[in-house]
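Note that these values count all heavy atoms, side chains included, but never hydrogens, waters or copies made by symmetry. Predicted model only: the values in this text are computed from it and were never measured.
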Amino acid sequence: MARPVPLSRSGASVGVSFEFFPPKTPEMEASLWEAAKRLEPLDPAFVSVTYGAGGSTRERTHATVARIVLESTMKPAAHLTCVGASKDEIRGTLRAYHAAGVRHIVALRGDPPTGLDAPYEAQPGGYQATAELVADAKRIGNFEVSVGTYPEKHPQSPTLLHDVEVLKRKVDAGADRAITQFFFDNSAFFRFQDVAAAAGIMIPIVPGIFPVQNFKQTANFARRAGTSVPRWLAERFDGLEDDSATRRLVAAAVCAEQVIDLIDHGVEELHFYTMNRADLVFAICHLIGLRAKPAAGRPGQQEPASLRRAAW
C-alpha cells in the first residue's frame, strides 16, 4: 500500500515572516541590510523589528522600520512594548507609524528595564497589560496586530493555562495572530495549540523558529526565555565548538528537521528569528519550497509622502 505523501513534499504552501533587531554599530547595520536584501526576494508576509529591554532601542527601531518602508518592498511590522512609555507617548508613536505607511504592529508587554526576572510595573500613565495596547492599535489605526505567546509558558507565569488566559484577553482585544517564543520541542507547540483551541482561541498561532547559529549562545537565550533545550539538541552540537563548518551543517539539519515536522502537522506559517543573518534562514526557506522572486515580479511600494515628516 502506498503511503500518503507528507505535506512537506506535496508542494503545500507555507508563508514566512522574518524578525530583525535594530543595529547598534555601522558594522551591525551593514549586516542587517545584507540579510534583509538577501531575504527580500522570498516575499515574506512581513518583517518585524524588535525593541530592546525597556524600549531601550526605540529610536533605532523606528529608524530601521522607516528604512524598510523607503528602501524595500517588504511590509514592516513594528514592535511596540508597554514598558518605558506612557499611553500618550505610545499613542503618538502609533499615529506616527500610521502616517508613515506602517500598518502592522507587534504588540508586546516587554521586559522590565531592571531585568527579566523583575515583576512588571506599568509606567506612570502607562498600559497595565498588552491587551490595552492591542485595543489602542485597533482604535487608532486599525492596525494588523500580532502578539507574542509562550508555548512552554512565560518564565513568570504560574501555569500554561494562565498564559492561555492572557492570550485570550489579547485576542478579545483584537489581536490578529500570535507569534510564539522560539522552541525546539515541537510537541510543546502542538500541546499549546490544543489548549488554546479548547479555550476558544481561533487566530493563527505562528511558531517562532530560531535557527541555531551558536549553540552556547542559543542555550543562554533559551534559559532566559523559559525555552527547554532537549538533551538530543545539545548532543547534536557536542564537540563542535571549534568546527564551524560542521556546526553550520548540523544547524541546518536541526532546523530543517523541525520545520518539516511542523509542516507535516499542518503548520502553514513560520516566523524566523534571523539574528540579522540570512544564509541559514534562506536555505531552510528554499528547502520548504520558497523561491526567490525576480525584482520585476515583486509588487512595488510607493514611498509614503508623510514618511520623512513623521515625528517618531
Side-chain angles (χ1 to χ4, degrees), residues 1-20 35 38-48 146 148-152 177-197 203-215 217-219 221-222 225 227-238 240 244-275 277-293:
M1 175 181 282
R3 294 182 179 180
V5 178
L7 290 173
S8 58
R9 297 186 179 183
S10 68
S13 177
V14 179
V16 296
S17 53
F18 305 125
E19 182 163 299
F20 302 112
R38 172 83 164 135
L39 296 172
E40 181 181 9
L42 295 176
D43 196 22
F46 62 91
V47 294
S48 65
S146 297
T149 195
Y150 286 70
E152 298 177 270
R177 85 172 44 74
I179 301 170
T180 77
Q181 178 60 273
F182 71 91
F183 58 91
F184 301 109
D185 181 359
N186 283 359
S187 64
F189 174 75
F190 300 139
R191 181 170 58 251
F192 185 81
Q193 279 187 313
D194 291 342
V195 175
I203 64 171
I205 300 177
V206 181
I209 305 299
F210 193 105
V212 179
Q213 308 281 358
N214 178 306
F215 178 74
Q217 183 184 61
T218 299
F221 288 160
T227 296
S228 63
V229 178
R231 181 176 177 179
W232 62 260
L233 181 61
E235 290 175 347
R236 298 276 179 93
F237 289 93
D238 184 39
L240 298 179
S244 59
T246 304
R247 195 168 62 239
R248 284 194 295 271
L249 292 172
V250 170
V254 166
C255 192
E257 182 180 35
Q258 180 179 22
V259 301
I260 286 172
D261 183 57
L262 289 168
I263 293 168
D264 284 343
H265 280 82
V267 168
E268 297 178 347
E269 298 178 63
L270 300 165
H271 184 74
F272 287 92
Y273 297 103
T274 70
M275 297 301 289
R277 298 172 68 177
D279 285 350
L280 182 51
V281 174
F282 190 94
I284 298 303
C285 289
H286 183 91
L287 183 70
I288 62 177
L290 296 179
R291 296 294 181 266
K293 297 182 179 180

If you look at every heavy atom in [X] and [Y], which pair is closest and at what distance?
X	Y	result
Tyr273	Pro211	O-CD, 3.5 Å
Val206	Arg177	CG2-CD, 4.1 Å
Arg247	Leu240	NH1-O, 2.9 Å
Gln258	Phe183	NE2-O, 2.8 Å
Leu287	Ala256	CD2-CB, 3.2 Å
Ala188	Glu152	CB-CG, 3.8 Å

To the nearest 0.5 Å, how far apart are [atom1] in [X] and [atom2] in [Y]?
X	Y	atom1	atom2	answer
Ile263	Ser13	CD1	OG	10.0 Å
Phe210	Thr274	CZ	OG1	9.5 Å
Arg231	Asp238	CZ	CG	10.5 Å
Phe182	Phe221	CZ	CZ	7.5 Å
Met275	Leu280	CE	CG	12.5 Å
Phe237	Trp232	CZ	CH2	8.5 Å

**Message:** Taking Asp279 first and then Arg38, would you say they form a salt bridge - that is, a charged N and a carboxylate O separated by under 4.0 Å?
**Reply:** yes
**Asked** Can you name the one residue among Val16, Asn186, Val14, Ile288 that meets side chain to side chain contact (heavy atoms under 4.5 Å, CB included) with Val259?
**Response** Ile288
**Passing candidate, side chain to side chain contact (heavy atoms under 4.5 Å, CB included) with Phe184, options Ser228, Pro230, Cys255** = Pro230
Can you confirm whether [X] sits close enough to [Y] that some side-chain heavy atom of one is under 4.5 Å from a side-chain heavy atom of the other?
X	Y	result
Glu40	Phe18	no
Pro207	Val267	yes
Leu39	Phe20	yes
Thr149	Phe192	yes
Val281	Leu42	no

**Message:** Are more than 12 heavy atoms, taken from residues, nucleotides or ligands other than Arg277, located less than 6.0 Å from that residue's CZ atom?
**Reply:** no
**Request:** Please check if atom CD in Gln217 has more than 12 non-hydrogen atoms from other residues, nucleotides or ligands closer than 6.0 Å.
**Result:** yes
**Item:** Ser17 side chain to Pro44 backbone, donor-acceptor under 3.5 Å
**Value:** no
**Request:** Examine distances only and state if a side-chain atom of Arg291 and a backbone atom of His286 form a donor-acceptor pair shorter than 3.5 Å.
**Result:** yes
